[in-house]
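The first residue in the sequence is number 1, and the count goes up from there.
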Amino acid sequence: MTDTAIISDAGFALHVTGGAGAGFSLTYFGPSCAAHGTEPLPVLPAGPDRPPGPRLLAMRGDGYDGISHIEAVRLEDGRAAHLIPVSIEQVSGTALHLHSADEAQGLGVTLEIRLGHGLLHMRTRVRNGGPAPVLLIRCAALLLPLPDWADEVISGYGAWAREGHTARRRLDAGFSGKASRLGRTGFDGPPGIVICAAGTTETVGRALGAQLAWSGSHRIHAERLRDGAVELCAEAIYEPGEILIGPDETFETPEALVVLSEQGLDGLRDVWHAHARRQVRPVTRPVHFNTWEARYFGFDEPGLIELAGQAARLGVERFVLDDGWFAGRRDDRTSLGDWTPDPDRFPNGLAPLIRAVNDLGMSFGLWVEPEMVSRQSHLYRARPDWVLAFPEEAAPTGRNQLVLDLSNPEVVDHLFGTLSGLLRPGGIDYLKWDCNRELYPASRNGRLRATAQVRGLYDLLDRLQAAFPELEIESCASGGGRIDFGILPRVMRFWASDATDAADRIRIQDSLSRYIPAEMIGSHVGPSPNPITARAFPMAFRGLVSMFGHMGVELDPAKLDAGDHATLTQAIALHKKLRPSLQAGTYKVLETGDASLHVSGLFRAGSGEFLLRVLRTAMSVYPLQARITVPGLPGGARYRVRELVLGEESGRELGILTAETLAWAGFQGDPRRPDHGRLFHFLPIR
Ligand code: DGJ
């Protein structure tokens, strides 16, 4: 029996045809459209007599040569699961469940598909109704046939302090994509990929973006099959033997999310941002001071109180005490796991410091790295059996530390108890949650458990969120190593990178802004020269780079000269003034044709006003000043333009410009000198 089911929402529709005995054909995914007939598939020379065609829940075995949606075997006899489509269940106007089964094995597999807010959500559920355990080898969250315009693949790459690079490749024969295999999201950016038509730009052309909402090992790839068809696969990587589904047990993949755009890459960005903003409660983001690049491990209580006073004078609103505050921690070789204040540094605990910070009008945040343990720690001495790799005594360390086994509920309970103990007295409203190494090996007694590790982490974060609903958590993993839509509902901010070099930050923040809204990207003014790159940048430039994000400061204020101190204070004041637009606006990167000229805008829905930031990182090739153009504004609109200048209360009036002038002729907004920037405010005249 063949059925057609259609779901639609927010201007998009997805049509599936199929049912018992016939494969589930994806007959349409795009802007809403009525049902249409299906075309017969041509039989290809040297191909199967019944062409498999573009399908969902695809399995090899009938001539289809792509990757199977699921690979599983029954343990007792090695029988491979073979799924036969059973039915399409129309759950609602926006949700479908595709059911398939291997009757002989008692295995039922359901692909859950849902449209909402312009996003396609997909997840696979596997139920073992048979009497014998089934070993899951692979299971895609999403395996999607792609349309013919899928010409190019865009994916991220990067490493520590080098996040935010982007590769764009033609999708010729074979695979293209990215993977993370060490149990953590990775420095190469959120686990996602963009597929687009050749020539798609920021604003023009078709594009499809996919993300796996998962903070562990994963693989996302597009593949052009032998017949030219293209498929997209997004899956968590399951380690050998890890996912054993017992009788009557159900296993569920993480969710994969897909966005379509006809307005180039910007169209994707807008939907991801709206999605991200729906995941967390709205909060005003206070300007941070973080102690790391100001003090590293060198501090005591009086010194921190003095530092807090200096931070408050800059206009900072939250003081975050980074690494080094807990028992015995003087460098990165010891003490992880012992989450009590160091008695020498804090003889009366953290309360006096928190009180001092609060008295200065700031809230208080604390750095933790709960998943980890140092060999030199009370926790490790008491429970050496709580680490991954146990009982291997020579287990490989990373940053001198081992990973606690979060698949063990006892460990999660212990961490919940310890963190609750820190939070319960009140005063800590923010945790910077770090994770400075990956999982190698992700096993205990030889059993791999990377998936259970991520689930244990989610469980811990969920329990904390339920117990402390006002708590805000930042996800940090040696910088940008864990930024994804799986952890997002559990955290409110991401530390984008340990690179605070202003020029590197432009790339890092921009590339992250393809998914994450600016206000969730921790963006700090660091020291100059920069501790990693040794490059020096003017304070005004550093301030402008940090201002379009969740602004913070991470330097020693006492080392600033009077000019830089004043400039930073002014940048913070300006950020606070613009914060409502910065934290709710639509962020866009404008194309310039000059690689050293970076233009981005924050557009406010409703009022029509917008901010434009122009940054220059090198001399222009030509002496004539570049004109800054702003396409896409509503026709006929007129704007009063002001240049916002640090330290000048009302800015400098530049006159009135029309949308057409801005789009076609542009205006003289080039900062001209390297490492300089300018900021403009455009107010529509009604
Ligand atoms: C890595 C983080 O990215 C830094 O910001 C800092 O918190 C250090 N860890 C502390 O060990």
Side-chain angles (χ1 to χ4, degrees), residues 18 23-24 26 48 52-86 98-113 122-145 174-175 177-181 183 191 210 212 214 216-226 229-247 249-256 442-443 447-452 454-455:
F24 297 115
L26 177 68
R55 277 181 309 163
L56 294 169
L57 278 175
M59 296 279 293
R60 284 201 308 279
D62 58 2
Y64 162 70
D65 71 322
I67 195 164
S68 288
H69 190 106
I70 172 170
E71 292 168 21
V73 289
R74 185 161 63 189
L75 268 191
E76 60 183 22
D77 58 2
R79 185 186 185 282
H82 187 72
L83 299 174
I84 306 289
V86 174
L98 308 186
H99 299 288
S100 62
D102 180 332
E103 302 276 348
Q105 203 154 304
L107 206 64
V109 176
T110 300
L111 179 63
E112 301 181 354
I113 308 174
M122 277 193 176
R123 149 191 349 260
T124 308
R125 197 183 285 274
V126 185
R127 185 176 146 68
N128 183 3
V134 168
L135 179 69
L136 194 65
I137 299 165
R138 279 191 42 256
C139 186
L142 165 147
L143 177 61
L144 195 68
F175 292 87
K178 76 198 222 14
S180 153
R181 299 187 184 85
L212 189 69
W214 185 239
S217 299
H218 61 269
R219 183 169 38 228
I220 301 190
H221 76 266
E223 182 181 6
R224 191 173 287 282
L225 305 181
R226 289 184 309 194
V230 181
E231 288 185 335
L232 174 63
C233 183
E235 58 189 322
I237 295 179
Y238 304 124
E239 300 289 348
E242 196 188 7
I243 311 294
L244 205 53
I245 313 175
E249 284 179 1
T250 298
F251 178 82
E252 199 177 86
T253 66
E255 199 167 58
S443 62
R447 288 280 316 268
L448 289 153
R449 45 186 68 203
T451 303
V454 179
R455 293 192 164 168

Checklist entry - When rounded to the nearest 0.5 angstrom, what is the spacing between CD1 in Ile243 and CG in Leu136? => result 6.5 Å
Checklist entry - Could you state the interatomic distance from CG (Leu232) to CD (Glu223), rounded to the nearest 0.5 Å? => result 11.0 Å
Checklist entry - With distance as the sole test, does His82 use its side chain to make a donor-acceptor pair with the main-chain N or O of Ala80 at under 3.5 Å? => result no
Item to check | Counterpart residues, side-chain hydrogen bond (donor to acceptor under 3.5 Å, both in side chains), relative to Tyr238 (two or more places apart) | outcome: none
Checklist entry - Is there a side-chain contact between Leu107 and Val126 (heavy atoms, below 4.5 Å)? => result yes
Checklist entry - If you look at every heavy atom in Gly63 and Pro48, which pair is closest and at what distance? => result CA-CG, 3.9 Å
Checklist entry - Salt bridge or not for Arg138 and Glu235, using N-O below 4.0 Å? => result yes
Checklist entry - OG of Ser100 to CD1 of Ile70: how many Å apart, nearest 0.5 Å? => result 8.0 Å
Checklist entry - What distance do Leu98 atom CG and Thr110 atom OG1 have between them, rounded to the nearest 0.5 Å? => result 8.5 Å
Item to check | Taking every non-hydrogen atom, the tightest pair across Gly183 and Ser217 | outcome: N-OG, 2.8 Å
Item to check | Closest non-hydrogen atom pair between Ser443 and Leu448, with its separation | outcome: CB-CD2, 3.8 Å
Checklist entry - Would you call Thr124 and Glu112 a side-chain contact if the rule is heavy atoms closer than 4.5 Å? => result no
Next on the checklist: Is there a side-chain contact between Leu143 and Leu56 in this structure, where contact means two heavy atoms from C-beta onward sitting under 4.5 Å apart?
Outcome noted: no
Item to check | Test item: Leu57 and Met59 side chains (from C-beta on) under 4.5 Å apart, heavy atoms | outcome: no
Next on the checklist: As an exercise, state the distance from CZ of Arg181 to CD1 of Ile237, rounded to the nearest 0.5 Å.
Outcome noted: 5.5 Å
Item to check | For Leu111 against Ala141, the heavy-atom pair lying closest together | outcome: CD1-O, 3.9 Å
Next on the checklist: Apply side-chain contact (heavy atoms from CB on, under 4.5 Å) to residues Leu244 and Val134 and explain how you reach the verdict.
Outcome noted: CA-CA 6 Å; Leu244 205 53; Val134 168; over 6 Å; no
Checklist entry - Can you check whether Leu212's main-chain N or O pairs, donor with acceptor, with Glu255's side chain at less than 3.5 Å? => result no
Item to check | Heavy-atom pair of closest approach, residues Glu242 and Ala450 | outcome: OE2-N, 2.7 Å
Item to check | side-chain hydrogen bond (donor to acceptor under 3.5 Å, both in side chains) involving Glu231 - partner list, sequence neighbours excluded | outcome: Tyr64
Checklist entry - For Glu252, which residues count as a salt bridge (charged side-chain N to carboxylate O under 4.0 Å, His left out) partner, sequence neighbours excluded? => result Arg123, Arg125
Next on the checklist: Check this for me: does any side-chain nitrogen of one of Asp102 and Arg74 sit under 4.0 Å from a carboxylate oxygen of the other?
Outcome noted: no
Item to check | Close side-chain approach of Pro191 and Ile220, heavy atoms under 4.5 Å | outcome: yes
Item to check | Nearest-0.5 Å distance, CZ of residue Arg55 to CZ of residue Phe24 | outcome: 10.5 Å
